[in-house]
K.L.:
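Below: one structure in structure tokens.
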There are 2 protein chains.
Amino acid sequence: MQNLVNVFKALSEETRLRILKLLEHGELCVCDIVAALDMAQPKVSFHLNVLKEAGFLKDRKQGRWTHYSLDDSDFFRRFLLMSVLERIPKDALTEDRKRLMAFVRGKHSWDDAVRSSKGKRCAGRCK
Amino acid sequence: MQNLVNVFKALSEETRLRILKLLEHGELCVCDIVAALDMAQPKVSFHLNVLKEAGFLKDRKQGRWTHYSLDDSDFFRRFLLMSVLERIPKDALTEDRKRLMAFVRGKHSWDDAVRSSKGKRCAGRCK
DNA sequence: AATTTATATAAACATAGATTGATGTGGAAG
DNA sequence: CTTCCACATCAATCTATGTTTATATAAATT
């Protein structure tokens, strides 16, 4: 029963709903999410962990990066995710998406400029 | 968005899930729920109010009593209720039901004893 | 009107959850 | 093997939520 409670607890915080919505169209690394939400990194890591523990997210580690994505392995959670994502007002995430896109663009142009000379690094806010 | 958050917040507490489960088969007055949960009355009233504010319960006042029941007017909440009720392990509520039944039995036998002489009053733990 | 009963509300207190700032870890680059 | 970077974790603080005790309200009975 406590398990069920934790599922709902994970969904009862605005930051976490924003994270889920950001991940709607595919995986993102932590620094992407930090940039999109414009929040301190430990704060974001905290919420990512809550969502992961509750079974809503899975992570994939690759080198220095950790990529998070929606975990659709459980039917109940998947349904909850669906109804959450569709119920978040569209304009609530406009700024997040704007920041995310700007950040990702930054990463790519940086990559292009220094490709094969210095390798990859995180752009913009990651310093 | 905060509205959506509150829906999940209401479901992320064990006492409140127990209340919902108790109401699965029909309305109950506050004193019934207090007896079933074996908790202080203000505590129960607090949780009933959280569930009501979140749109999961409605109330019906009749004389000195307030009867609460599941509010099935909204589709989303109704679905949430369904999946919650079906996911609560059966044995988790055995004691609650036992206490509820004992209490309700108490009310009736008391009623029978004094019917039409003193009118109705709450039995057992309500003193 | 005074009293009793069912429930609600308020204030004080306790606990759990979230935020922040500092530090730790592990991989990759130099 | 040292440094840098992405991320995680920790300890301290702050805030929100739940609990308790006492009191208020309102209906019904006396």
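Order of the sequence lines fixes the chain letters, A, B, ..., with proteins taken first and strands second; residue numbering starts at 1 for each chain.
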K.L.:
Could you tell me how far apart A:Glu53 (CD) and C:dA18 (P) are, to the nearest whole angstrom?
P.N.:
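In whole Å, C:dA18 P lies 13 Å from A:Glu53 CD.
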K.L.:
Tell me: CG of A:Leu48 to C1' of C:dT19, nearest whole Å?
P.N.:
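Nearest whole value for this atom pair: 15 Å.
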K.L.:
Search all heavy atoms of B:Ile19 against all heavy atoms of B:Leu48 and return the closest pair with its distance.
P.N.:
CG2-CD2, 3.8 Å
K.L.:
In this structure, how many angstroms lie between the P atom of D:dA26 and the CG atom of B:Asp59, rounded?
P.N.:
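For the pair B:Asp59 CG and D:dA26 P, the rounded distance is 15 Å.
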K.L.:
Rounded to the nearest Å, what distance is computed from the CD atom of residue B:Gln62 to the C1' atom of nucleotide C:dA8?
P.N.:
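These atoms are roughly 18 Å apart.
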K.L.:
Please tell me if A:His67 has a side-chain N or O lying less than 4.0 Å from either OP1 or OP2 of D:dA6.
P.N.:
no
K.L.:
Within a strict 4.5 Å, meaning less than it, do heavy atoms of the A:Thr15 and A:Met39 side chains meet?
P.N.:
yes
K.L.:
For B:Phe76 and B:Phe8, take the angle between the two ring planes, folded into 0 to 90°, and tell me which bin it lands in: parallel under 30, tilted 30 to 60, perpendicular over 60.
P.N.:
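The arrangement is perpendicular - the two ring planes meet at more than 60°.
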K.L.:
Would you indicate which nucleotide in C:dT7, D:dT19, C:dT9 comes nearest to any side-chain atom of B:Glu13?
P.N.:
D:dT19
K.L.:
If you pin B:Asn49 and A:Gly63 to their nearest nucleotides in DNA chain C, which one's is more 5'?
P.N.:
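Checking each residue's closest nucleotide, the 5'-ward one belongs to B:Asn49.
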K.L.:
Can you check the B:Phe8 CZ to D:dA16 C1' distance for me, whole Å?
P.N.:
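One finds 19 Å between C1' of D:dA16 and CZ of B:Phe8, rounded.
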K.L.:
Side-chain N or O of B:Ser45 versus OP1/OP2 of C:dA8: is the shortest distance under 4.0 Å?
P.N.:
yes
K.L.:
Select from B:Val30 and A:Arg16 the residue whose nearest nucleotide in DNA chain C is closer to the 5' end of that strand.
P.N.:
B:Val30
K.L.:
Within the structure, does a side-chain N or O atom of B:Arg64 lie under 4.0 Å from either OP1 or OP2 of D:dT25?
P.N.:
no
K.L.:
Looking at A:Lys43, I'd like to know whether one of its side-chain N or O atoms comes within less than 4.0 Å of OP1 or OP2 on C:dA18.
P.N.:
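A:Lys43 to C:dA18 OP1/OP2: no side-chain N or O under 4.0 Å.
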K.L.:
Among the nucleotides C:dG17, D:dG18, C:dA10, which one has an atom lying closest to any side-chain atom of B:His47?
P.N.:
D:dG18
K.L.:
Can you see if the side chain of B:Thr15 gets near the phosphate of D:dG18 - specifically, an N or O under 4.0 Å from OP1 or OP2?
P.N.:
no
K.L.:
Starting from C1' on D:dA16, measure out to NZ on A:Lys9 and report it in whole angstrom.
P.N.:
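In whole Å, D:dA16 C1' lies 13 Å from A:Lys9 NZ.
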K.L.:
Rounded to the nearest 0.5 Å, what's the gap from CZ on B:Arg18 to CG on B:Leu37? Could you check?
P.N.:
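Output value for this atom pair is 5.0 Å.
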K.L.:
Could you state the atom-to-atom distance from CH2 of A:Trp65 to P of C:dG27 in whole Å?
P.N.:
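About 13 Å, once rounded to whole Å.
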K.L.:
Per the atom types in the model, does the base of C:dA8 pair as donor or acceptor with the side chain of B:Gln41 at under 3.5 Å?
P.N.:
yes
K.L.:
Please tell me if A:Tyr68 has a side-chain N or O lying less than 4.0 Å from either OP1 or OP2 of D:dA8.
P.N.:
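Looking at the OP1 and OP2 atoms of D:dA8, one of them is under 4.0 Å from a side-chain N or O of A:Tyr68.
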K.L.:
Taking atom CE as the centre, does A:Met1 end up with more than 12 heavy-atom neighbours from other residues, nucleotides or ligands that are less than 6.0 angstrom away?
P.N.:
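Counting neighbours around CE of A:Met1, more than 12 heavy atoms of other residues, nucleotides or ligands fall under 6.0 Å, so yes.
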K.L.:
Whole angstrom is fine here: how far is it from CZ in A:Phe46 over to C1' in C:dG17?
P.N.:
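Whole-Å distance recorded here is 6 Å.
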